[in-house]
2 protein chains.
Amino acid sequence: MALEHAILVSLLEKPGSGYELARRFERSIGYFWTATHQQIYRVLKRMESDGWIHVRDVPQYGRPDKKEYSVAAPGRDALSGWLGEPTRPESVRHDLAVKVRGAAFGDPAGLIREAERHRQEHTDRLAHYLAGETRDFGTPAPDGPPDAERELQHVVLRGGIAYERMMIAWLDDVLATLARFGTGH
Amino acid sequence: MALEHAILVSLLEKPGSGYELARRFERSIGYFWTATHQQIYRVLKRMESDGWIHVRDVPQYGRPDKKEYSVAAPGRDALSGWLGEPTRPESVRHDLAVKVRGAAFGDPAGLIREAERHRQEHTDRLAHYLAGETRDFGTPAPDGPPDAERELQHVVLRGGIAYERMMIAWLDDVLATLARFGTGH
DNA sequence: CGTTGCTGTGCAACGAGGTGCATAGCAGGA
DNA sequence: TCCTGCTATGCACCTCGTTGCACAGCAACG
């Protein structure tokens, strides 16, 4: 399980409540690690009882009170240890690859629409990444010396950009291949 | 759940037993969809009781008897329908991306070794893919007319190759970035 | 003969992850 | 006033996936 570690990273970047973490997992971190608010609340509770994080009740006006979590020393140690641990082979689940191989045994028309949907989604996400890159990393350095946190966030974003570009190119390849078998001949 | 559909595709490409399917999920299909033999046996049982697949007892000499599964008409229909269904956003889990962002808060030395391990693994897999491409798709067409099944398997393999190449390039980027913060400067 | 190892199928138990629902404070609009 | 909607936390339930183990047939080796 690595959801704990993703939460640790997010809380180290900025402390926050379970709700706020859930929002971050819908963007930013969420592009590389998904989680629902249920999972997050459950794991936060366990992490708190394990002493990895601190809780602080924050009264709010105009909205419900919240619990703000921040990383404790043992949590920071756990993260450090995890960084060098070998990750077991990530279980891959590429629906589309399975569908493409399945297209040999069914009508490819539906799959073409599905592939076009995916292509559009990846195009949108690429545009979103590129806009974020210009916004957050466009200027050389906003406050002088190179900042590790910033540089590392940037290299992860570059990975996302490379992934989306690769997927778009592959989907063009898929669509061209499907077209050769969908239109008679 | 889409394991059913991955099994349908595999059985359509070639009927086989649960054990044989488990072996296929360690290579070929397994590069895009992972599954243990436990999952496979359980799902096969359900698919059989749903009428998606046929079972046939195959006595063997020199080894235990087996149950050979093949796709029935309702299974083929289920696959056809699934091809065009919109896939819900695949839940992404990229350990390494989380670790890279976490490196800002811990010792990057361990992560460098971990990234190098991943780079090696992707290099090996790329070599394996390329060897398979030469072996299976090197000659223009082994038996005359273009074959949909063969072409679609090829485009999926090209996707795997593109993915590995992208990952290797990104890991080089990651290692260069980590080096800038690990060695003093 | 016993051991190891591959083929082949399966159960039991556990943890991870997701869906649906409940509760509660408060804001804003119809 | 009621309804919708956002913030904020949480329970109950169910499925998926993994781990560990068991059992069985048979081959090859020492």
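This is a predicted model, so every value here is computed, not measured. Naming convention: chains lettered A, B, ... in sequence-line order (proteins, then strands); numbering from 1 in each chain. We use all heavy atoms of the structure for the numbers below, so side chains are in, but hydrogens, waters and symmetry mates are not.
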Exercise. Not counting sequence neighbours, which residues clear side chain to side chain donor-acceptor pair (under 3.5 Å) with B/Ser17? List them please.
Key: none
Quiz item: Considering residues at least two apart in sequence or located in another chain, which fulfil the side chain to side chain donor-acceptor pair (under 3.5 Å) criterion with A/His154?
Solution: A/Glu133, A/Arg158
Quiz prompt | Linked hydrophobic residues, B/Tyr61 as query - side chain contacts closer than 4.5 Å | solution = none
Self-check item: Partner residues of B/Asp124 under the side-chain contact (heavy atoms from CB on, under 4.5 Å) criterion, sequence neighbours left out
Solution: B/Gln120
Quiz item: Using a cut-off of 4.0 Å between protein heavy atoms and nucleotide atoms, how would you tag nucleotides 5-17 of chain D 5' to 3' with B, S and -?
Solution: --BBBBB----SB
Quiz item: Between which nucleotides of DNA chain C, 5' to 3', does chain A make heavy-atom contacts below 4.0 Å?
Solution: C/dA16 to C/dC26
Quiz item: Listed by chain and number, what are the side chain to side chain donor-acceptor pair (under 3.5 Å) partners of A/Tyr41, not counting sequence neighbours?
Solution: none
Self-check item: Which residues share a side-chain contact (heavy atoms from CB on, under 4.5 Å) with A/Thr123, sequence neighbours left out
Solution: A/Arg119, A/Ile168
Exercise. Could you tell me which residues satisfy side chain to side chain donor-acceptor pair (under 3.5 Å) with B/Glu68, sequence neighbours excluded, listed by chain and number?
Key: B/Arg56
